[in-house]
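This report refers to the structure that appears directly beneath it.
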Amino acid sequence: MSLTLFDTMSRTARELRPLDGSTYRFYACGPTVYGPAHIGNFRTFVLQDLFRRLLELGGTRTKHVRNLTDVDDKTIRVSQETGQSLTDFTRHWTQLFHADCAALHCLPPHVEPSAVAHIPHQVKMIEALMAGGHAYATADGSVYFKIASFPDYGRLSRVKERELKPGASVSDDEYEKDTLGDFALWKARKPEDGPNFWPAPWGEGRPGWHLECSAMIREYLGDTFDLHSGGVDLVFPHHENEIAQSECCGGAHGFAAHWFHITHLLVDGKKMSKSLGNLYTLADLAAKGYSPEEVRYVLTAAHYRGQLNFTLDSLDGARQALGKLARAERALAERAGTSTPPAYDSLMGQEAGPFAAAWTALNHDLNTAEALGHVFTVLKAVKPETLSPADALAVWRGFHLVLAAFGIVLPPEKAEDAVPAQVQAVAEARWAARTGKDWAEADRLRGELDALGWTMKDGRENYSLSLK
RNA sequence: GGCGGGGUAGCCAAGCGGUAAGGCAGAGGUUUGCAAAACCUCCAUUGGCGGGUUCGACUCCCGCCCCCGCCUCCA
């Protein structure tokens, strides 16, 4: 089974093979750590995680590099506003980002370099670009990349000469550029930067945003590597600029061999924005009672190149769907005589068995929606009680292969809520009444429990209590 | 305006030149003292609109309408 993925550069789905023959090396643009990441950000990170899982479960080793942007206009501005040092400020948001990633069951990248920790690498790269005639310094000590020096500029986004939309804003501090398309490699120190500046041959300042990725890719993946990824909005200008910088610097006409871009999600049919009040973080959704697992399910249930319309209703649907998957998993596990889910590593190379169609769909440009369809169809057809324990085990493992690829962690069987003694006593009394077929008393006591905030469900042999 | 992604049942969302997966919701049923849960069954003659190609199109071509994204530092 080989994994094929749509490539933004060639506009075709292409099979993925490690350039070096053994390890698939890829880079993902990470978050700017100046506030909580929202579910739109996480659609990208979760899909990148799913992509990596498919590679690994399919038997390919990976090297996953994802940066942390911890110096830019926003991090500097907001840290100043909150009176924190840039380091303390970004450390705080980085920790929260990591916690969210963990909650969403995203595998941590193998390397997670930060921009601030790689200033010298960036300075060195700028020097090389200036030496090659690809960059120029301005009077204020900023340095710009000269796009005219790179004939291939625009190859990824397919626009040779971008025309500015009438009325598009051009920030004031960029007036010294030769042409509008030139972008900052180094931004000269400004008073409002406070203590956040670094020395450089052409003057104090800080690196431009695009440069950090190029510099860190070079450091950890080399001039040519397997794949680069991010949200669609990064195609232009960010990735276009990275290509320009890196190819003019490394000489290689390669950079990323494959480009993987994830489409933005919509919330209630519209773009997320604070003003519309539809910008959700994991914490926002947790406050509404939704789990990270439910969020991940919604994020992965649609194809990554389509616009996913995220709604609270879809989270409710995810809860039902996950419950259905969990019941099926338990039935299979019970028949197979096992209970502990297989370890991720143990599933690498696992046969999908009856879930082969789902596995194939996933490997065909990450068609998660089709894959889920197959999963439910198979689950409906499989009757655990008719299988031998050995067969059930094989089916169960195939099922877990697909679950592991999705990064789905099934909800546990509903844990009993801690029941207060008083409630317990009423429940016992009702159970006794019910057993004695005193329906009136049983119903009265159910009402009493209800008033106490508890719901009692009758089973054949026993009952269960849950908080309303 | 340029470039790109879409318009499929109440909602979400796939495949496919050969006659519409799947999930949620909904309806009916089994079970249950009742209830809940669970399980089973049903649920788009129709795919934004108008043409065309074809034995046959939701799927290909042409035109139009609408939605969404990017267009200089937003995943």
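Proteins come first, then strands; the chains are lettered A, B, ... in the order of their sequence lines, and each starts at number 1. Keep in mind that what you see is a predicted model, and the values were worked out from it rather than measured. In what follows, every heavy atom counts, from backbone to side chain, and hydrogens, waters and symmetry copies are set aside.
With distances taken from any side-chain atom of A:Ala369 to the nucleotides B:rA13, B:rA75, B:rA35, the minimum falls on B:rA13. When distances are taken from the side chain of A:Ala302 to each of B:rU72, B:rG33, B:rA14, the shortest belongs to B:rA14. The nucleotide whose nearest atom lies closest to any side-chain atom of A:Arg446 is, among B:rU72, B:rC68, B:rA35, B:rA35. Side-chain proximity of A:Ala321 to B:rA75, B:rG23, B:rG33: nearest is B:rG23. Comparing atom distances between the A:His303 side chain and each of B:rC34, B:rA14, B:rC71 picks out B:rA14 as nearest.
For the C1' atoms, the distance from B:rA14 to B:rG47 is 13 Å, rounded to whole Å.
Taking the nucleotide of RNA chain B with the nearest heavy atom to each of A:Lys437 and A:Leu372, the more 5' of the two is matched to A:Leu372.
Separating the CG atom of A:Leu445 from the P atom of B:rC34 is a distance of 19 Å, rounded to the nearest angstrom. Between the P atom of B:rU32 and the CG atom of A:Asn462 lies a distance of 16 Å, rounded to the nearest Å. Between the CH2 atom of A:Trp431 and the P atom of B:rU32 there is a distance of 13 Å, rounded to whole Å. Atom P of nucleotide B:rC68 and atom CG of A:Asp233 are separated by 17 Å, given to the nearest angstrom.
Counting atom types as modelled, A:Arg305 pairs no side-chain N or O with a base atom of B:rG69 as donor and acceptor under 3.5 Å. Not a single donor-acceptor contact under 3.5 angstrom links the side-chain atoms of A:Arg158 to the base of B:rG4.
Here A:Phe376 does not count as stacked on B:rG22, because the ring centres are not under 5.5 angstrom apart with planes under 30°.
The aromatic rings of A:Phe145 and A:Phe183 lie parallel to each other, with less than 30° between the two planes, well short of the 60° mark.
If you check every strand for non-hydrogen atoms under 4.0 Å, A:Gly181 touches a base. In this structure, A:Gly230 reaches the sugar-phosphate backbone alone: every heavy-atom distance under 4.0 Å involves primed, P, OP1 or OP2 atoms, never a base. Within 4.0 Å (heavy atoms only), A:Arg430 reaches at least one base atom of the nucleic acid.
Listed by first then second residue, pairs satisfying salt bridge (charged side-chain N to carboxylate O under 4.0 Å, His left out) with a partner in residues 301-323 of chain A read A:Glu294-A:Arg319, A:Arg305-A:Asp365, not counting sequence neighbours.
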Listing time: all N or O pairs from protein to nucleotides 36-38 of chain B that are below 3.5 Å?
residue : atom : partner  : partner atom : Å
B:rA36  : O2'  : A:Lys457 : NZ           : 3.4
B:rA38  : OP1  : A:Arg327 : NH1          : 3.3
B:rA38  : OP1  : A:Arg327 : NH2          : 3.3

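A sub-4.0 Å separation between OP1 or OP2 of B:rC39 and a side-chain N or O of A:Lys383 is absent. For A:Asn367, a side-chain nitrogen or oxygen approaches OP1 or OP2 of B:rG15 to under 4.0 Å. Dashed line: the shortest gap from a side-chain N or O of A:Lys187 to OP1 or OP2 of B:rU72 is not under 4.0 Å.
Remark: RNA chain B forms stems of 3 or more consecutive Watson-Crick or G-U wobble pairs, all pair distances under 3.5 Å, at B:1-7 with B:65-71, B:10-12 with B:22-24, B:26-30 with B:38-42, B:48-52 with B:60-64.
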Practice task
Walk me through it: do A:Leu104 and A:Val295 pass the test side-chain contact (heavy atoms from CB on, under 4.5 Å)?
Solution key: CA-CA 8 Å; A:Leu104 287 167; A:Val295 174; 4.3 Å; yes
